[in-house]
Trainee: 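Before I ask anything, here is the structure I am working with.
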Amino acid sequence: MSTLLLRVAGRVSFIILTFYLGEHFESAFLVTLVLESYYLTELFLSPIIGSLSDRFGRRPFLVFGPLPAAIAVFGFFTISRIYPSPNADQFNLHLLILLGVILVGRLLEGATTGMNVPGTLGYFTDVTIGSEKLRAKVNTAFEVVTVAGLALAIPLGGAISKMAGTTGFLIVLALYLTIVAVSFFGIKESHHIGEQQTASHPSIWEGFAMIRHRRIFTFIPAWFAVNALIGALPNQILLIMTYPEPAASARHPGQLFYGGFDRMASTMWVGLFALFFLIGMGLWMFIVPRMRRSTVMYIGLSGLALLIASLSIVNSLSGTMESLPAGILPFAISMLVLAVVGLLLLAGFTPVALSQMNAIAESMPGKRGAVMGLYSVVLGIGQALGQGIGSIFVDWQGFYGLMTFSALMLIVSLISVTYMRVHKDDLLATAAH
């Protein structure tokens, strides 16, 4: 529950800020720079908080983690009252104060995620020791809630912004305070503080040091690559499909997916695929505990290959989906069905990857939080770089470029997973109770 509310609150806050700044700032780069500062504190704090949670317990960070974000959104509400219509054309003290408050607020919101995620994943590792089946269910539920929370927040944030404007920050504030209450009354500490610690407590920098561990270092490329795809595919496909005609045909001719779709249609297609991805994760919840982890990853990557191939074939058809000849339409639909099958297979990779990190963390008592703190780092960097690098490939070859980028990430993942399987790192067993 707390993870769902955190994702919804953070994304709604982002959407309200985007509309508030976007209405008064012509520079999209400046707005993006301020809003994306969120990731700085999240990526920096996650490994540190993971290490601290090994020393002081998970509960303090789960209970008090939302408070920085609550302070931030109250600051957003206050500054929006002071400057309801900021003048971005004049660079003066007032503009500096406005941007400064928003910048600090975004850093505080990132700090909340940086405290919550490693605390939550460390907590999950503690409470699922000895039960691979329970761990698979918990990890899948975490991934589903994360994706669903972000998806739910997009229309919710738009509706709140439309109806309440920046007063909507008070709704976000209420969400963050609700998380504090839910965590305070509903979460008990998951391990004895200092349990299985060495005489000298691990350094707060232990989380960064964990990346040098062989099992982590050799598996991170696969997890990074898949997160890069998760970050790149939805956003880039929306941009590709809505690129205006006739410029789209002139830029990358002969590509069905490149241009010509209105925003509603493109959003529907991407939303439908996201729904199938969520369904796939739910189905894999019952399968992951019965199979070797690298086997599930291979199946997921084969699904990615099927997805790339089928979508590339559909993209090669001339015209648009609406104008396809009657004789070709059934073939196009069959290829899209194969793409959905590939997506359902790929959906198993994310929860089983998290289970692999859990197993590694479980094998390192006293450092479990430090290991799981790497989750946010890999997730954030992977998605950010995925969007950036993916956009370069899109500029190069349109939809085919995006599929080329996806194929490269597939190869990186295959190499990483194969190394893990050969060295039997995926056979790390959960300890018996």
Trainee: Looking at CG of Leu343 and CG of Leu304, how far apart are the two atoms once the value is rounded to the nearest 0.5 Å?
Mentor: 9.5 Å
Trainee: Please report the closest heavy-atom contact between Leu62 and Ser183, naming both atoms and the distance.
Mentor: O-OG, 3.3 Å
Trainee: Answer yes or no: is there a side-chain heavy-atom contact under 4.5 Å between Ile171 and Val12?
Mentor: no
Trainee: Any idea how Phe273 and Trp269 line up, ring-wise: parallel (<30°), tilted (30 to 60°), or perpendicular (>60°)?
Mentor: tilted
Trainee: When rounded to the nearest 0.5 angstrom, what is the spacing between CG in Leu306 and CG in Leu301?
Mentor: 12.5 Å
Trainee: Taking the side chain as every heavy atom from C-beta outward, state whether Tyr400 and His252 have any atom pair closer than 4.5 Å.
Mentor: no
Trainee: Quick one: closest heavy-atom pair of Ser413 and Ala222, and the distance?
Mentor: OG-O, 3.4 Å
Trainee: Evaluate the side chain to side chain donor-acceptor pair (under 3.5 Å) criterion for residues Tyr38 and Thr113: first the C-alpha distance (whole Å), next the side-chain angles of each, then the deciding distance (0.1 Å), finally the verdict.
Mentor: CA-CA 9 Å; Tyr38 169 99; Thr113 305; 2.4 Å; yes
Trainee: Passes side chain to side chain contact (heavy atoms under 4.5 Å, CB included), Val352 versus Trp284? Steps please.
Mentor: CA-CA 9 Å; Val352 80; Trp284 274 106; over 6 Å; no
Trainee: Donor-acceptor pair, distance only, cut-off 3.5 Å: does the side chain of Gln236 make one with the backbone of Gly390?
Mentor: no
Trainee: Between Ser80 and Phe77, is there a donor-acceptor pair closer than 3.5 Å when you use the side chain of the first and the backbone of the second?
Mentor: yes
Trainee: I'd like to know whether Arg293 forms a salt bridge (charged side-chain N to carboxylate O under 4.0 Å, His left out) with Asp425, so could you lay out the CA-CA distance, the side-chain angles of the two residues, the decisive distance to 0.1 Å, and finally the verdict.
Mentor: CA-CA 9 Å; Arg293 286 189 286 271; Asp425 293 340; over 6 Å; no
Trainee: Once you round to the nearest 0.5 Å, how far does CG of Leu278 lie from CG of Leu344?
Mentor: 11.0 Å
Trainee: Report yes or no: does Glu109 contribute a side-chain atom to a donor-acceptor pair with the main-chain N or O of Phe14 at less than 3.5 Å?
Mentor: no
Trainee: Quick one: are Tyr258 and Ile240 in side-chain contact, heavy atoms under 4.5 Å?
Mentor: yes
Trainee: Could you tell me if the side chain of Ile392 sits less than 4.5 Å from the side chain of Phe405, heavy atoms only?
Mentor: no
Trainee: Tell me, do Met297 and Gln356 make a side-chain contact under 4.5 Å, heavy atoms counted?
Mentor: yes
Trainee: Yes or no on side chain to side chain contact (heavy atoms under 4.5 Å, CB included) for Thr350 and Phe277, after CA distance, side-chain angles and deciding distance?
Mentor: CA-CA 10 Å; Thr350 306; Phe277 191 76; 4.0 Å; yes
Trainee: Give the minimum heavy-atom separation between Gly382 and Phe224, together with the two atoms involved.
Mentor: CA-CE1, 3.4 Å
Trainee: Is a side-chain N or O of Asn116 found less than 3.5 angstrom from the main chain of Thr112, in a donor-acceptor match?
Mentor: no
Trainee: If you measure from CZ on Phe76 to CG on Leu170, what distance do you get to the nearest 0.5 Å?
Mentor: 13.0 Å
Trainee: So does Ala9 get a backbone contact from the side chain of Ser13, meaning a donor-acceptor N/O pair under 3.5 Å?
Mentor: no
Trainee: Write down the atom of Val101, the atom of Gly75, and the distance for their closest heavy-atom approach.
Mentor: CG1-O, 4.0 Å
Trainee: First locate atom CD1 of Ile299, then atom OG of Ser294, and finally report the distance between them rounded to the nearest 0.5 Å.
Mentor: 10.0 Å
Trainee: Using every non-hydrogen atom in the two residues, find where Leu6 and Tyr176 come nearest and quote the distance to one decimal.
Mentor: CD1-CE2, 3.8 Å
Trainee: Atom OH of residue position Tyr83 - does it have more than 12 heavy atoms of other residues, nucleotides or ligands inside 6.0 Å?
Mentor: yes
Trainee: Strictly distance-based, threshold 3.5 Å: is any side-chain N or O of Thr218 a donor or acceptor partner for the main-chain N or O of Arg214?
Mentor: yes
Trainee: To the nearest 0.5 Å, what is the distance between CD1 on Ile308 and CG on Asn315?
Mentor: 13.0 Å
Trainee: Are Asn92 and Leu95 close enough that some pair of their side-chain heavy atoms sits under 4.5 Å apart?
Mentor: yes
Trainee: Do you know which two heavy atoms are closest between Phe217 and Pro221, and how far apart they sit?
Mentor: O-CD, 3.2 Å
Trainee: Set out, in order, the CA-CA distance, both residues' side-chain angles and the distance that settles side chain to side chain contact (heavy atoms under 4.5 Å, CB included) for Tyr298 and Leu414, then state yes or no.
Mentor: CA-CA 8 Å; Tyr298 278 134; Leu414 276 174; 4.0 Å; yes
Trainee: Just do the side chain to side chain contact (heavy atoms under 4.5 Å, CB included) check on Ile187 and Val63 with the steps written out, would you?
Mentor: CA-CA 8 Å; Ile187 295 177; Val63 173; 5.6 Å; no
Trainee: Name all residues meeting the side-chain hydrogen bond (donor to acceptor under 3.5 Å, both in side chains) criterion together with Arg290; count only those two or more places apart in sequence or in a different chain, and write none if there are none.
Mentor: none
Trainee: Indicate yes or no: at least one non-hydrogen side-chain atom of Met403 is less than 4.5 angstrom from one of Leu233.
Mentor: yes
Trainee: Can a donor-acceptor pair be found, under 3.5 Å and without considering hydrogens, that links the side chain of Arg215 to the backbone of Asp426?
Mentor: no
Trainee: Side chains of Leu311 and Phe399: does their closest heavy-atom pair fall under 4.5 Å?
Mentor: yes
Trainee: Hey, does the side chain of Thr41 reach the backbone of Leu107 with a donor-acceptor pair shorter than 3.5 angstrom?
Mentor: yes
